[in-house]
Each structure stands twice: as C-alpha cells, then as structure tokens.
Amino acid sequence: MTETIDALAGLVAGGGVVVLSGAGLSTESGIPDYRGPSGAARRHSPMTYQTFIRDPMARRRYWARSHLGWRMIARAAPNDGHRAVARLQDAGLVDGVITQNVDGLHTVAGSVGVVELHGRLAEVVCLDCGNRTSREELDRRLRETNPGFDAAVGAVNPDGDVELADEQVAGFRTVDCTFCGTGMLKPDVVFFGETVPAQRVSRCFAMVGAARLLLVLGSSLTVMSGRRFVLRAAKLGIPVGIANQGPTRGDGYAALTVDVPLGRLLPALAARVIDAPSAVVPAAGPGGAVPAAVAPAPR
C-alpha cells in the first residue's frame, strides 16, 4: 500500500482539497453501504419520496423500521477514516467536506462546515408547516405511542431503515407534527426521487470550483447527485482522486483511483502528509502535469 499512499499524498500535499464522501466511508462504523462490499448481498430498496408521501401503509412501514434503525445509527461512532479527514482539515489541507451520508459522523469526528448533501437523520421536518425537531424527540414520542414495540432487527441500511417483516409492523402507530397538530413528519433527508435543495447544490459547486483537488471517498458515484461534482471538476480541469472499494462511475475522470479500505488508507495518508511532509512530492495543480505514478486513467 506504500506506493498508493505516496501517489495519493502527492495529490493531497498541495492543499486546497475538497472531500466528497459516500456510504463507503461509514462502513467501518457499522453502517453498510448500498452498492459496495457490505451492501452487495442485500436486496433492500430505499424508500422513495413519492411512495412516502402518497402511501400511508408504506409510510407506516418506513417509520416502524426507521424507528429501530435510527437507534443503531445514533450509536455509531466515527471511524479512523472520519478522524483522518478531520485531521487533514485541521492541518489546513482540506478546505471543505461534502458528504452524501446522513449519519453526521464527519461532524462528530471533528470536521467543520460539513455540507450534508442529503440532509441528516438526526433531524425531522414537518412537510406541512416546515417545523423542525430533533430525532431524539421523535424517538421519545414513538416509544410512548408504541409501548412494547421491540421487533427483531435485521440489517440496518445507510438511510437508517432496517429489514423488518410486514407482520412485525402491523400494530405500529405513527405520530404527527406537534407544532401544527396534523402535519406529516419526515426525516430531514433527501429520499430517492427527491431533489436536493438548489442552494445546497450551488454551495457545493462553488466549493468544487475553488478546489485544487476533489477527493472522492467511499462513493460509487452511481447517482448523479454526487457524480455531477466529479463532472464539474473534470470540466474545470481540477484533478480528481477516488478512493473506493470497487469501481465507480467516475473512474474515467480520475487522476488516481485507489481500492483500499478507507480506515487503513486515510490515517496512513494523514500521517504521511502531516507528520512527514518533507517526504512527499506534491503533484501539480490544475493545468499542470500530473506525475507519471498518478497519470489520468484513459477515458
């Protein structure tokens, strides 16, 4: 792995890095991803926004499963990969973090100014009045409304949902907004089929446009929500580095692709560029030549 770290360190050492992270960064915290190694065997289909708002039964199933899954997400702790990103930011090498994850672990690990592209499971929003409350408060209300509900939990998913048989949720009762009295509650995350707020996307584009390097961590870039930032970086001539277990849909735009568990790679990378900076040969910035060891992949 030494040559891999050397090549990646050459890209990161010049600073001006914007991180784009995905579910693969949180797998070592016990939260599986959808498409990587930990998610390959699962058949779970994520809840869509259209189904959630139109189908009361589907909404009840979601809240029953998410009520249990949330507890597992809430107990998850940052791993060495999250902490390494925070360390790189504290050292002035990472200018910003964009995450597709909804677990909040970047912030817990110490990163600041994190843009949570798809929102955060720790908050709940009323779709009628817009009032926001904490997930802890909703958890308390659901416990009070459903005393004794303690179904066996299967695998938890990145969105906080869990595998649960329909018969196990038959008696589960949902609750409405306490502020307006009747509003439909939804976790403050972007479901599949839902649009990321335009202002949030614009902020991310601005971050990418000002970067010297876009570093993708743990994302397959399957959906356009994240891949568009790789496309923007490529269009602007900004180098892209990708560290992910398995291929991604952005590999053709990358100056370097790395297939190593992030919990091993990122701490070693941080140690190399922070603790032994004199041993690192920085790669050129936008418009400059990239060292042969990290030459752009063929398109």
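In what follows, residues are counted from 1 in the order of the sequence shown. These numbers come from a predicted model, not from an experiment.
- Nearest heavy-atom pair across G246 and D259 is N-OD2, 3.2 Å.
- Atom CZ of R132 is separated from atom CZ of F179 by 13.0 Å, given to the nearest 0.5 angstrom.
- Side chains of T145 and F172 form no contact here, defined as non-hydrogen atoms less than 4.5 Å apart.
- Taking CD1 from I5 and CD from E3, the interatomic distance works out to 11.0 Å, rounded to the nearest 0.5 Å.
- By the 4.5 Å heavy-atom criterion applied to side chains, S219 and S21 are not counted as neighbours.
- In this structure the side chain of V258 never reaches within 4.5 angstrom of the side chain of N244, judged on heavy atoms.
- Among all heavy-atom pairs drawn from V12 and L93, the shortest one is O-CD2, 3.9 Å.
- With hydrogens and angles disregarded, no donor-acceptor distance shorter than 3.5 Å links the side chain of R272 to the backbone of A9.
- Judged purely by distance below 3.5 Å, without hydrogens or angles, the side chains of N79 and S29 pair a donor atom with an acceptor atom.
- Listed for the D55 side chain is a donor-acceptor partner under 3.5 Å among the backbone atoms of A58.
- From T174, atom OG1 reaches atom NE2 of H67 across 12.0 Å, with rounding to the nearest 0.5 Å.
- Between E194 and K186 a salt bridge is recorded (basic side-chain N to carboxylate O distance below 4.0 Å).
- A donor and an acceptor atom, one from each side chain of S220 and T248, are nowhere located under 3.5 Å apart.
- Residues D80 and R83 are paired through a salt bridge, judged by an N-O separation under 4.0 Å between the basic side chain and the carboxylate.
- A donor-acceptor pair shorter than 3.5 Å cannot be found between the side chains of T257 and D251.
- R228 is listed as a side-chain neighbour of V201, based on a closest heavy-atom distance under 4.5 Å.
- Judged by distance alone, with hydrogens and angles left aside, the side-chain atoms of S26 form no donor-acceptor pair with the main-chain N or O of A23 at under 3.5 Å.
- Of the inter-residue distances, the one linking L221 atom CG with R249 atom CZ reads 9.0 Å to the nearest 0.5 angstrom.
- Among all heavy-atom pairs drawn from R200 and V190, the shortest one is NH1-CG2, 4.3 Å.
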Could you walk me through whether D176 and T182 satisfy the side chain to side chain donor-acceptor pair (under 3.5 Å) test, starting with their C-alpha distance in whole Å, then the side-chain angles of each, then the deciding distance to 0.1 Å, before giving a yes or no?
CA-CA 5 Å; D176 294 326; T182 59; over 6 Å; no

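- For the pair T48 (side chain) and T51 (backbone), a donor-acceptor distance under 3.5 Å is present.
- Across all their heavy atoms, I238 and G209 have their closest contact at CD1-O, 3.9 Å.
- With rounding to the nearest 0.5 Å, the separation of CG in L213 from CG in L8 is 8.0 Å.
- Placement of W63 and M57 in two distinct hydrophobic clusters is found when ILVMFWY residues are connected by side-chain heavy-atom separations under 4.5 Å, directly or transitively.
- Within the 3.5 Å criterion, the main-chain N or O of G218 finds no donor-acceptor partner in the side chain of Q245.
- Counting non-hydrogen atoms of other residues, nucleotides and ligands closer than 6.0 Å to CD of E144 gives a total above 12.
- Proximity of L217 to V85: side-chain heavy atoms (C-beta onward) are separated by under 4.5 Å at one or more points.
- In this structure, NE2 on H106 lies 4.0 Å from OG1 on T99, to the nearest 0.5 angstrom.
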Review point. Hey, mind stepping through L117 and C204 against side chain to side chain contact (heavy atoms under 4.5 Å, CB included) and telling me if it holds?
Key: CA-CA 8 Å; L117 188 64; C204 293; 3.9 Å; yes

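- In this model, no donor atom of one side chain and acceptor atom of the other lie less than 3.5 Å apart for S225 and Q100.
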ring-ring contact (aromatic ring centres under 6.0 Å, His included), that's the test. Do F192 and F52 meet it? Break it down for me. CA-CA 10 Å; F192 281 78; F52 185 86; over 10 Å; no

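- Between P239 and Y253 there is no side-chain heavy-atom pair separated by less than 4.5 Å.
- Atom CZ of R140 has more than 12 neighbouring heavy atoms from other residues, nucleotides or ligands inside a 6.0 Å radius.
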Next item on the list: Could you go through the side chain to side chain contact (heavy atoms under 4.5 Å, CB included) check for V125 and N131 one step at a time?
Entry: CA-CA 6 Å; V125 62; N131 186 59; over 6 Å; no

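- For the pair E136 and W70, the minimum side-chain heavy-atom distance is below 4.5 Å.
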Q.
Set out, in order, the CA-CA distance, both residues' side-chain angles and the distance that settles side chain to side chain contact (heavy atoms under 4.5 Å, CB included) for L127 and I53, then state yes or no.
A. CA-CA 9 Å; L127 295 182; I53 62 174; 3.8 Å; yes

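- Salt-bridge formation is not detected for the pair E123/R120: no Lys NZ or Arg NE/NH1/NH2 atom is positioned less than 4.0 Å from an Asp or Glu carboxylate oxygen.
- Using a 4.5 Å cut-off on side-chain heavy atoms (C-beta onward), F191 and H118 make no contact.
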- Task: Could you give me the CA-CA distance, side-chain angles and deciding distance for V216 and V230, then say whether side chain to side chain contact (heavy atoms under 4.5 Å, CB included) is met?
- Result: CA-CA 8 Å; V216 180; V230 171; 3.9 Å; yes

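- R141 and V175 get closest at one heavy-atom pair: NH2-CB, 3.4 Å.
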Exercise. Any chance you could lay out the salt bridge (charged side-chain N to carboxylate O under 4.0 Å, His left out) test for R135 and D139, step after step, and finish with the verdict?
Key: CA-CA 6 Å; R135 189 62 182 263; D139 183 73; over 6 Å; no

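- The shortest non-hydrogen separation linking P78 to V108 is CG-CG1, 3.5 Å.
- Under the 6.0 Å distance and 45° angle rule, R232 counts as a cation-pi partner of F205.
- A donor-acceptor distance shorter than 3.5 angstrom exists from the side chain of S202 to the backbone of A198, with no hydrogens or angles considered.
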